[in-house]
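Input: a single structure, listed below in structure tokens.
Hydrogens, waters and symmetry mates play no part in the numbers below; they use all other heavy atoms, side chains included. All residue numbers refer to positions in the sequence shown, counting from 1. Counting starts at 1 for both ligands and their atoms, in listed order.
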Amino acid sequence: MGGFSDLDFLTLAIVVGIAFLTRTFLTSSPKKMVSQATVSRVKELIGQKKVFVAAKSYCPYCQASLQTLFTDYHVPKDKSLVLQLNQMEDGDDIQAALAEITGQRTVPNIYIDGKHIGGNSDLQQLKSSGKLDELLKAALA
Ligand SMILES: N[C@@H](CCC(=O)N[C@@H](CS)C(=O)NCC(=O)O)C(=O)O
């Protein structure tokens, strides 16, 4: 007795294999295929208005960002484009295109004057540092 048998090694190999596959499935977010036409269309949407926000209506981070932009900083509605991706038929495609363009998959995904700002935490950081004020003043001047 003692030592490892071939069966022990086989069992170990199977357990490690299953663990590896499970980890791969659980941690990799499947990359959605997105057409270049959609990417181009989303780039066009981003550039259409001074402020662009891709959001989801149930997302608290999005609500915080929209409050900052529209309630605190009074960004005019006609100078902005807010997309509620969860209420759009092609919302998933737009989100996938944004991920390809910016490397950011989460919402809110915010642009000011065509410049990628990031998510809500990035927006709040800019607000705290006083830079958001400058950015919006320049964009809306
Ligand atoms: N740190 C991010 C957090 C944003 C976040 O977690 N958003 C969630 C929705 S509330 C999200 O995008 N989840 C993935 C998805 O909806 O596809 C920020 O400040 O913007």
- With Lys115 via salt bridge (Lys or Arg N to Asp or Glu O under 4.0 Å) - residues at least two apart: none

- Query: Apart from Phe70 itself, which Ile, Leu, Val, Met, Phe, Trp or Tyr residues share its cluster (side-chain heavy atoms under 4.5 Å, direct or through members)?
  - Reply: Val51, Val53, Leu66, Leu69, Tyr73, Val75, Val82, Ile110, Ile112, Ile117, Leu123, Leu126, Leu132, Leu135, Leu136, Leu140

- Taking Gln95 for its side chain and Arg105 for its backbone only, find out whether a donor-acceptor pair lies under 3.5 Å. yes

- Task: Hey, can you tell me if Phe52 and Tyr111 have their rings parallel, tilted or perpendicular (30° and 60° cut-offs)?
- Result: perpendicular

What are the distances between nitrogen or oxygen atoms of ligand 1 and protein nitrogen or oxygen atoms, counting only those under 3.5 Å?
from: ligand 1; atom 1: 7 (N); to: Val107; atom 2: O; distance (Å): 2.9
from: ligand 1; atom 1: 12 (O); to: Val107; atom 2: N; distance (Å): 2.9
from: ligand 1; atom 1: 16 (O); to: Lys56; atom 2: NZ; distance (Å): 2.9
from: ligand 1; atom 1: 17 (O); to: Lys56; atom 2: NZ; distance (Å): 3.1
from: ligand 1; atom 1: 17 (O); to: Gln95; atom 2: NE2; distance (Å): 2.8
from: ligand 1; atom 1: 19 (O); to: Asn120; atom 2: N; distance (Å): 3.3
from: ligand 1; atom 1: 19 (O); to: Ser121; atom 2: N; distance (Å): 2.8
from: ligand 1; atom 1: 19 (O); to: Ser121; atom 2: OG; distance (Å): 3.3
from: ligand 1; atom 1: 20 (O); to: Asn120; atom 2: N; distance (Å): 2.8

- Query: Can you tell me if CG on Asp6 sees more than 12 non-hydrogen neighbours from other groups inside 6.0 Å?
  - Reply: no

- Under a side-chain separation threshold of 4.5 Å, the hydrophobic residues clustered together with Val15 are none

